[in-house]
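Right, one structure below, let's go through it.
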Amino acid sequence: MSKLRFDVVKDAFKKKAVNVEPPSPKVSDYFGELVFGREKMRQYLDETTFSKICDCIDNGTALDRATADKVADGMKIWSMEHGVTHISHWFQPLTEVTAEKHDSFMDYDGKGGMIESFDGKALVQQEPDASSFPSGGIRATFEARGYTAWDPTSPVFIQGDTLCIPSVFISYTGEALDYKTPLKKSLRAVNDAALPVCRLFDSNVRKVYSYLGWEQEYFLIDEDLYASRPDLMLSGRTLMGHPSSKNQQLDDHYFGAIPSRVAAFMRDIEMAGFKLGIPLKTMHNEAAPNQFEMAPIYGEANLANDQNQIMMNVMISTARRHGFVVLFHEKPFEGINGSGKHNNWSLGTDTGTQLLAPGHDPKSNLQFLTFFVNTLAAVQKHNALLKASIASATNAHRLGANEAPPAIVSAFLGQTMTDVLHKFLEMPSDTPIEITGKRGKNIGLLGIPEIFVDNTDRNRTSPFAFTGNRFEFRAVGASANCAGAMTTLNSAVAEQLIEFKAVVDKEMACGKPVNIAVMDALKPIVASILNVVCFDGNGYSDEWVLEARHRGLDIETNVPKMFKTFTEDKAVEMFTRLGVYTRKELEARNEVRWDTYCKKVQIEARVTGRMAINHIIPAAIAYQTELLKNIDLMRVNFPDNFREMAVTPIGIVSEISSLVKEIKERVDAMVAQRVVANNISDDYEKALAYHDIAESLFPIRRAIDQLEELTDNDMWPLPKYREILFIN
Ligand code: ADP
Ligand code: MG
């Protein structure tokens with residue numbers, strides 16, 4: 001057993017990089033070659049069809065059947081040139097992975113032969129027999145019908161021999177069963193709400209976009225080492241393992257030279273991403289050993305989120321070619337950093353204005369402040385809901401731990417913006433807002449330097465940080481679909497902007513000019529947020545928890561309880577008013593959340609129990625037997641002072657005994673707890689019971705980790721942290 005462990009480690013250590021040549025040294029030569037974007041459309045569709053599909057993408061106009069047929073035909077011709085034989089609607093059910101249902105192009109030609117066929121109907125809609133996807137009781141299993149419908153705003157793409165069609169997934173009765181549908185609804189809501197506000201400043205604006213720039217953190221683990229850890233294979237994280245003597249304390253991995261095997265993997269996924277039209281920009285080492293990060297250039301939120309989901313799939317499959325397994329779990333290893341997916345969020349107009357970037361004249365600065373302040377107000381009002389939107393059984397191990405955003409949603413502004421808001425409160429409402437000049441040279445009243453973007457202070461402890469031209473929602477988990485967080489954030493901001501506009505309208509009805517009306521409407525909001533949601537201090541400190549409670553921010557750490565926020569009046573009113581979720585959808589989604597939570601903890605609990613009984617205790621007892629043999633030999637050979645001579649083995653034997661006893665008793669108790677939990681029929685109550693089970697895994701792990709420290713290294717059955725984390 002242990003021989004095997006060392007062989008695996010040694011072989012993994014010797015593995016060499018698998019370098020893959022790019023199709024061309026120039027990325028622009030092959031960028032987007034596997035997506036049917038506008039260039040391809042122009043090439044493969046006639047002029048009328050092309051302009052109709054563009055109108056559909058840009059303005060949401062419905063596509064008639066005849067046009068859909070023509071679009072499908074163009075897609076078929078293009079994709080067959082790339083060897084495609086199948087189509088699949090590609091959608092994002094309420095699991096952590098995307099789903100596909102492949103249909104081949106093949107069909108009868110009506111003359112006894114076969115043809116390749118793909119028409120508008122197949123493009124627009126598919127009916128997967130998808131009764132097993134989570135629906136939270138919206139779709140009883142006997143009513144298996146769920147529909148996927150093409151989302152023309154995200155281009156179809158080729159994966160292997162399949163043409164993938166980004167789609168929404170809805171039930172027979174029209175409820176959303178996926179992440180994409182509500183995200184798209186929230187994007188519409190934020191556009192509808194932001195547009196009238198933008199028009200206060202610029203009547204030319206026709207559309208407001210919500211942007212997303214995701215940063216994906218992940219671990220790469222050698223696949224042979226992964227295969228020797230049942231916990232990693234089944235739960236995505238190590239459920240036991242003593243921290244390595246060396247981990248990230250020297251900061252020698254962060255932004256360090258990328259190991260050659262990893263660099264080859266990164267080049268490979270980058271190439272795959274480029275072919276799929278994904279503008280990947282950054283790849284680097286992260287803080288923890290074997291932890292890395294990737295980020296593209298930001299884009300429109302729906303498309304950017306699809307691209308994140310596509311990249312996660314690409315990473316999973318490409319990793320195997322390099323002898324790696326990629327981990328998206330938020331906390332695969334204790335004692336070192338976990339993985340998040342920072343969601344950089346902003347709003348912008350079709351006229352090219354970044355609404356969360358300081359402007360160049362008083363008018364655009366006031367516009368910036370309007371969106372900046374309203375975003376903060378939205379985050380304040382819905383801080384509990386935003387936290388619920390990123391909560392999961394897996395992210396729970398990262399939040400509140402001492403290296404990740406705390407389980408309290410507050411916002412980091414930085415000194416410059418904090419000063420700006422304080423000054424803003426004091427100035428008369430007819431003061432023109434100048435935000436110009438470089439740092440240290442405050443020529444404007446508010447003195448926001450132009451080089452601001454590069455200047456914002458860094459605060460890694462904040463879950464929601466302003467970073468110059470955007471907010472960075474850092475609490476999102478690495479395995480999550482960004483849509484969950486982005487739907488909630490866009491909705492909250494939309495609701496706030498609607499309320500804000502109503503106040504401005506009232507002020508203007510009293511005869512105030514726009515700028516004064518806006519400033520008068522903003523002031524009470526600024527006053528209400530500065531000492532509540534805005535917090536630039538240390539989010540990891542214990543004092544912050546007390547302070548946050550005092551400020552009225554949500555400090556709940558129990559994940560099943562957090563989910564309750566989704567069905568509280570405040571959330572239901574907002575989501576239903578904006579048309580993002582119905583009450584039924586919100587309730588159904590919570591059922592799914594609680595159910596998923598229970599299942600995840602259940603898997604971890606089972607694996608912990610079985611590994612404890614089948615791997616750990618036998619190894620410890622075997623070592624104990626060796627020690628006892630030694631003690632016996634001591635007694636025979638040194639009868640006079642045997643107790644003194646055998647003091648160490650006797651001590652270890654007794655420590656092992658008590659740890660083994662403790663582990664066995666705790667595992668038995670935890671199994672009994674599961675039996676009780678499994679008999680609870682209410683989803684919420686059951687999730688609460690499973691929350692307690694999750695807690696009961698900690699002391700079991702503690703005892704196992706102590707045994708790892710005591711037991712003969714040769715006899716330990718699992719690869720250790722030091723063996724897993726430094727091989728790449
Ligand atoms: P850091 O690690 O310093 O936070 P990165 O460069 O890794 O920064 O990632 C920043 C992400 O934010 C990138 O995806 C980038 O495209 C994105 N981003 C930049 N400006 C905006 C913006 N205005 N709106 C949304 N995302 C943005
Ligand atoms: Mg970042």
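These numbers were taken from a predicted model, which means no experiment stands behind them. Indexing begins at 1, ligand by ligand and atom by atom, following the structure's order. Heavy-atom basis, side chains included; hydrogens, waters and symmetry copies ignored.
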When D350 is tested against each of N191, V205, N204, L195 for side-chain contact (heavy atoms from CB on, under 4.5 Å), which residue passes?
V205
Answer yes or no: does an N/O atom from E215 fall short of 3.5 Å to an N/O atom of ligand 1?
yes
So is K281 close enough to ligand 1, meaning a heavy atom under 4.0 angstrom away?
no
Taking the six-membered ring for Trp, is the centroid-to-centroid distance between Y298 and W345 below 6.0 Å?
no
Pull out every atom of ligand 1 sitting under 4.0 Å from any heavy atom of Q354, numbered as shown with elements.
23 (N)
Just by distance, with hydrogens left out, do K341 and N308 show a side-chain donor and acceptor under 3.5 Å apart?
yes
So which atom in T153 and which in I57 form the shortest heavy-atom distance, rounded to 0.1 Å?
CG2-O, 3.7 Å
Using heavy-atom distances only, which candidate in H342, R470, R474 approaches atom 10 (C) of ligand 1 most closely?
R470
Residue I297 vicinity, atoms of ligand 1 by number, heavy atom under 4.0 Å
16 (O)
D58 and R38 ion-paired at < 4.0 Å:
yes
What about F466 and F372, are their ring centers closer than 6.0 Å?
yes
Just distances here: any N/O of H284 and N/O of ligand 1 closer than 3.5 Å?
no
With respect to N344, determine whether any N or O atom, backbone or side chain, lies less than 3.5 Å from an N or O atom of ligand 1.
yes
E472 heavy atoms within 4.0 Å reach ligand 1 at atoms 4 (O)
Below the 3.5 angstrom mark, is there an N/O of P296, backbone or side chain, next to an N/O of ligand 1?
yes
Is there a donor in the side chain of T318 and an acceptor in the side chain of D268, or the other way round, less than 3.5 Å apart?
no
